[in-house]
Amino acid sequence: MIPIKSIEEIQKMRRAGEVSARVLAEVCEKVAPGVSTQDLDDYTKQAMDRYGAISSSYGFRSGKRVFPGYGCFSVNEEIVHGIPSKRKILKEGDIISIDLAMSVDGYCGDNTRTVLVGAVPEEVTRLVSVTQAALFAGIAAALPGNTIGHISSAIQKVADINHLGVVRELVGHGIGRAMHEDPQVPNYGIAGKGPVLKPGMTLAVEPMFTQGSPKIAVDADGWTVRTADHRMAAHWEHTILITENAPEVLTLPQK
Ligand code: MG
């Protein structure tokens, strides 16, 4: 069952999305050479506290493992779920994906940006910008009457024409009271397949592209997902609301 949000729930989702976008924007501004991913996580906690937001990542359980960070900080070949660490210090030429999910007044927002640390090789910059473009291509396909497959296929096409890999094991998701709800939103697929999109559905759309093979490997920590071939990966995400018309991006940064 895919939940359809009521007007009241949509208002709460809007607030959660707005706060998620503000916190992410603030944390991204702290990215610089010499900053550790632990520094970024400490700042994430501070910012969440300031907005009255509760991290959806901190204490998240997968089997016996409990995620220790307020956000996920994945550097270079790491795709998602990077654990913050004092020993992981950013340097010029790195890229870092910052994935922040949080709840505000019982409803969740989830968003991710991949940020360049100083000057980055052109091929890596292209990976990052194409992945962002794929996010917006997927969002543009999120129209009522279309299916999840329209979103998936729009994202996959952007990867295919740019000769980038699409990670298959990790997908977008419905979002609401819980960070993860039905349905799954894969980053590959066929237009017309999957559940039909209806106004009031809220989804987290999140393409993860790789420079080389999309095959993944999971670190011994049980969380960090990286590319098996050690080439770079990028990840972008927004939380959106399906409407009668074009989707509303709930985590769009405000100025
Ligand atoms: Mg997500």
Side-chain angles (χ1 to χ4, degrees), residues 2-3 5 13-14 16-25 27-28 41 44 48 53-62 67 69-74 78-84 96-104 106-115 128 131-132 134-139 142 148 151-152 154-156 166-189 194-195 197 201-210 214 216 218 223-226 233-242 247-253:
I2 304 175
K5 270 71 179 181
M13 290 294 295
R14 286 196 176 111
E18 183 193 325
V19 168
S20 302
R22 285 181 190 275
V23 173
L24 181 59
V27 175
C28 287
D41 199 56
T44 299
M48 285 179 177
I54 299 164
S55 168
S56 307
S57 307
Y58 185 77
F60 186 87
R61 287 176 176 276
S62 171
F67 195 80
Y70 290 86
C72 297
F73 303 89
S74 308
E78 296 170 357
I79 305 165
V80 289
H81 307 159
I83 295 175
I96 176 170
S97 101
I98 302 179
D99 183 353
L100 302 184
M102 63 200 77
S103 70
V104 179
Y107 286 81
C108 296
D110 193 357
N111 57 175
T112 306
R113 288 194 208 171
T114 297
V115 182
V128 173
T131 309
Q132 184 184 22
L135 169 59
F136 284 102
I139 291 171
I148 292 289
I151 301 175
S152 306
I155 291 171
Q156 183 182 4
V166 177
V167 174
R168 298 197 161 231
E169 291 84 347
L170 300 151
V171 296
H173 47 92
I175 179 167
R177 279 194 166 276
M179 171 169 56
H180 297 136
E181 292 184 348
D182 278 345
Q184 293 200 341
V185 185
N187 295 308
Y188 60 92
L197 301 173
M201 289 179 178
T202 44
L203 306 173
V205 179
E206 48 178 325
M208 289 154 248
F209 288 177
T210 61
I216 64 166
V218 181
W223 290 108
T224 312
V225 178
R226 64 178 68 239
H235 178 202
W236 286 83
E237 175 178 32
H238 274 308
T239 298
I240 65 167
L241 167 70
I242 308 301
E248 185 178 324
V249 181
L250 302 179
T251 46
L252 213 54

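Atoms within a ligand are numbered from 1 in the order they appear, just like the ligands themselves. These numbers were taken from a predicted model, which means no experiment stands behind them.
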Answer yes or no: is there a donor N or O on one side and an acceptor on the other, between the side chain of Thr202 and the main chain of Ile175, under 3.5 Å? yes
Could Arg22 and Glu18 be called an ion pair, given the rule that one side-chain N must be under 4.0 Å from one carboxylate O? yes
Could you check whether Arg14 pairs with Glu248 (Lys NZ or Arg NE/NH1/NH2 to Asp/Glu carboxylate O, under 4.0 Å)? yes
Which is the closest N/O/S atom of Glu237 when seen from the Mg ion (ligand 1)? OE2
Distance check below 2.8 Å: does His173 bring an N, O or S atom to the Mg ion (ligand 1)? yes
Do Arg61 and Phe67 form a cation-pi contact, if we require the NZ or CZ to be under 6.0 Å from the six-membered ring centre and within 45 degrees of the ring's axis? no
Which angle, to the nearest 10 degrees, do you find at the Mg ion (ligand 1) between OD2 in Asp110 and OE2 in Glu206? 170°
